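Notes follow once the structure below has been shown.
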Amino acid sequence: MNPLDTTEVSRLLIEIGRRLELAGESSFKVRAYYNAAENLLALTTPLPELIAGGKLREIPGVGEAIAEKIIKLHKTGTHPTLELMREQIPAGVLDLFAIPGLGPKKISVLHSSLNISSLEQLEDACKAGRLEDCKGLGAAIQKKILHGFDLMRRGAGQRRMDDASDLLHAASVNLKKSHPHLKRLVPAGGVRRGCELVEDLTLVAQNSGNEIAINQELRLIVSDEAHYGLTLLFGTGSAAHLELLTARAKAQGFELNESSLVNKSCARLPKGDVPCREENDIYAALGLSFIAPELREGKPLAGGLNEIELAAQDRLPTLVTDADIRGVLHSHTDFSDGAETLSAIAGATRARGYAYYGVADHSKTAAYAGGLKEEKVRVQHKLADDLNAEYAREKSPFRIFKGIESDILDNGALDYPDAVLDTFDFIVASVHSRFTLDKESQTRRLINAVSHPRTTILGHMTGRLLLRREGYTVDIDAVLQACAKHGVVVEINANPNRLDLDWRWHQRALELGCMLSINPDAHSISEIDLTRWGVLMARKGAVPKERVLNCMSLEAISDYFAQRKSKRA
DNA sequence: GCCGTTTTCGGCCCGACTGTTTTCAGTCG
């Protein structure tokens, strides 16, 4: 067998952790496995190299016992301890962790008392009311579990964009090997449109041929050279966009469908088949400027006009691109729950060509995430000053900004006294607790937070976790209005679990006058690159770079932070 | 199980919410 890579080993460490939990092991022991698994994922050196060099123990959280397990897991794909645990409890029991509200204790009860070993059996038991009389469970939990199944069903067939994108990428690599004659093989469908949740997995390629279904979910549409643009256009969608486009074609004297664009009566072009080698051939024939895939949703954008109407007037916004992003704001270090030192992650940010790194570790109330007490804030600031001095000596145009992700307390207050808040260059205010406040209280709380003269950015406004948790109930429009009024920047959290604020609200934010900031919320070096998902969202929301805070140059953003600070007084 | 030391054991993430409990346990962020 092939040796396992870090991701696979990490997954097995998590399985061991889960099984230890079910066995009632100490939570500290369990967490040791989860910690090690997470730190393994953050590695940049390949596992075989670390093992060969005897460097496993240098990974934080990896001691003697876990190092031994990593080696065996890597080499053999399993471990005697794991195999022993697998004999005790069937794999289906682990699936129960996916239901919100179910943890190790309740799952143990479900397994031992009700003999439940799979999601299917759990649902049957709930429907039959068998949890009601079970000690430690009850009718309310039974209802909650059924609601959990409901949530899972609603998300069924949907994937987060990063997963869908990875899948298509992997499929492309395989296809290129098995079908070397395929040309111009690209992702289409929801992935190309930058949808935060993707239902269709579609690839488009050029060759003589037709649609190939790779498996039940994955579709490859193959086109000849003359129709590639058309195939890509229809493979990308959305249905609403194509409908509008077809209607426009008809109105202009064309007939448009997925196999041809025919000029029936338009005087601008020769009659008959219109060549469609590129997507733009179709847009151009219909008198439209090119419409970026992210905008193809057939919904009103700026000024109530949809993308087709805007394209017809050549008024499509210029969308922000990855290259426009000049720096990283909102990222964590090992001062709180990040994996890297400030020096390492700032260095990695600099190496990627960015001009600044805004550190924003958790504030003191977020104890579970190692939030910074005042003393640690001072230590971090000294370190940032020293690093900045170093950059200056190297004549490097790179700078660390001193920020904090301040918890928004119950009443909307920030998490430090003003004197401490004043020592930061910028402040990201975020909610991490009390998700279940009623709409009015939650809205008031957020408005209070953005009314604070020291708040710079409002972090992940709704707290949603895609496919896992709805955002909390809050009057988004009212909060955006408050952000506009107080000059608070609205975060587009780029973590693919969040992508919060949702792109459907971006136009409203722009209309009210808000700036947006595309923030990776990185907890490790590799997570700096999550930024691209946020860029994709901003593009989908038709946000231009002029309205993105971290598209500002180092000089401009330094001035911006300084000005915000001076206005407080 | 890891870590750090004031080194070989004791601490490690704490507080709120929910439901089941009748004074607290499990789950979550």
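The structure displayed is predicted, hence computed values, not measured ones. Below, chains carry the letters A, B, ... as their sequence lines are ordered, and counting in each starts from 1.
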Q: Salt-bridge test for Arg352(A) and Asp529(A): reply yes if a basic N is under 4.0 Å from a carboxylate O, no otherwise.
A: yes
Q) Atom CG of Leu131(A) and atom P of dT18(B): how far apart are they, to the nearest Å? A) 20 Å
(Q) With a cut-off of less than 4.0 Å, is there a side-chain N or O of Ser433(A) near OP1 or OP2 of dC14(B)? (A) no
Q: Pick base, sugar-phosphate or nothing for Val62(A), based on heavy-atom distances below 4.0 Å to the nucleic acid.
A: sugar-phosphate
Q) With rounding to whole Å, what would you report as the distance between dT6(B) and dG11(B) at their C1' atoms? A) 14 Å
Q: Please determine, for dG1(B), whether a Watson-Crick or G-U wobble partner exists with both distances under 3.5 Å, and give it or none.
A: dC12(B)
Q. In whole angstrom, what separates Leu137(A)'s CG from dT20(B)'s P?
A. 9 Å
Q: Determine the Euclidean distance between corresponding C1' atoms of dC14(B) and dT5(B); express it in Å to zero decimal places.
A: 24 Å
Q: Using a 4.0 Å heavy-atom cut-off across all strands, classify Glu25(A) as base, sugar-phosphate, or nothing.
A: nothing
Q.
When the C1' atoms of dC13(B) and dC3(B) are compared, how many Å lie between them, rounded to an integer?
A. 16 Å
Q. Within the structure shown, what part of the strands sits under 4.0 Å from Thr365(A) by heavy-atom distance: base, sugar-phosphate, or nothing?
A. nothing
Q.
For the C1' atoms, the ones on dT20(B) and on dG26(B), what distance do you get once it is rounded to whole angstrom?
A. 11 Å
Q) How long is the line joining CG of Asp521(A) and P of dG29(B), in whole Å? A) 15 Å
Q. Which whole-number value in Å describes the distance from Tyr472(A) OH to dC28(B) P?
A. 19 Å
Q: Assign each of Val431(A) and Ala32(A) to its nearest nucleotide of DNA chain B by heavy atoms, then name whichever residue's nucleotide is nearer the 5' end.
A: Ala32(A)
Q) Using the C1' atom in both, what is the distance from dG15(B) to dT7(B), to the nearest Å? A) 33 Å
Q) Expressed in whole Å, how much space separates the C1' atoms belonging to dG29(B) and dT23(B)? A) 25 Å
Q. So does Asp385(A) pair up with Lys402(A), basic N to acidic O under 4.0 Å?
A. yes
(Q) From NZ of Lys29(A) over to P of dG1(B), roughly how many Å is that when rounded to an integer? (A) 4 Å
Q: Could you check how far CZ of Arg31(A) sits from C1' of dG11(B), rounded to whole Å?
A: 11 Å
Q: Specify the separation, in whole Å, of atom CD of Glu58(A) and atom C1' of dC3(B).
A: 15 Å
Q.
Under a 4.0 Å threshold between the charged nitrogen and the carboxylate oxygen, would Arg160(A) count as salt-bridged to Asp163(A)?
A. yes
Q: In whole angstrom, give the distance that lies between atom CD1 of Ile408(A) and atom C1' of dG29(B).
A: 15 Å
Q: Counting heavy atoms from C-beta on, name the nucleotide in dT18(B), dT27(B), dG1(B) closest to the side chain of Ala65(A).
A: dG1(B)
Q) Is it true that Glu8(A) and Arg11(A) make a salt bridge, defined as a side-chain N closer than 4.0 Å to a carboxylate O? A) no
Q. Between Thr78(A) and Arg86(A), which heavy-atom pair has the shortest distance, and what is it?
A. OG1-NH1, 4.0 Å
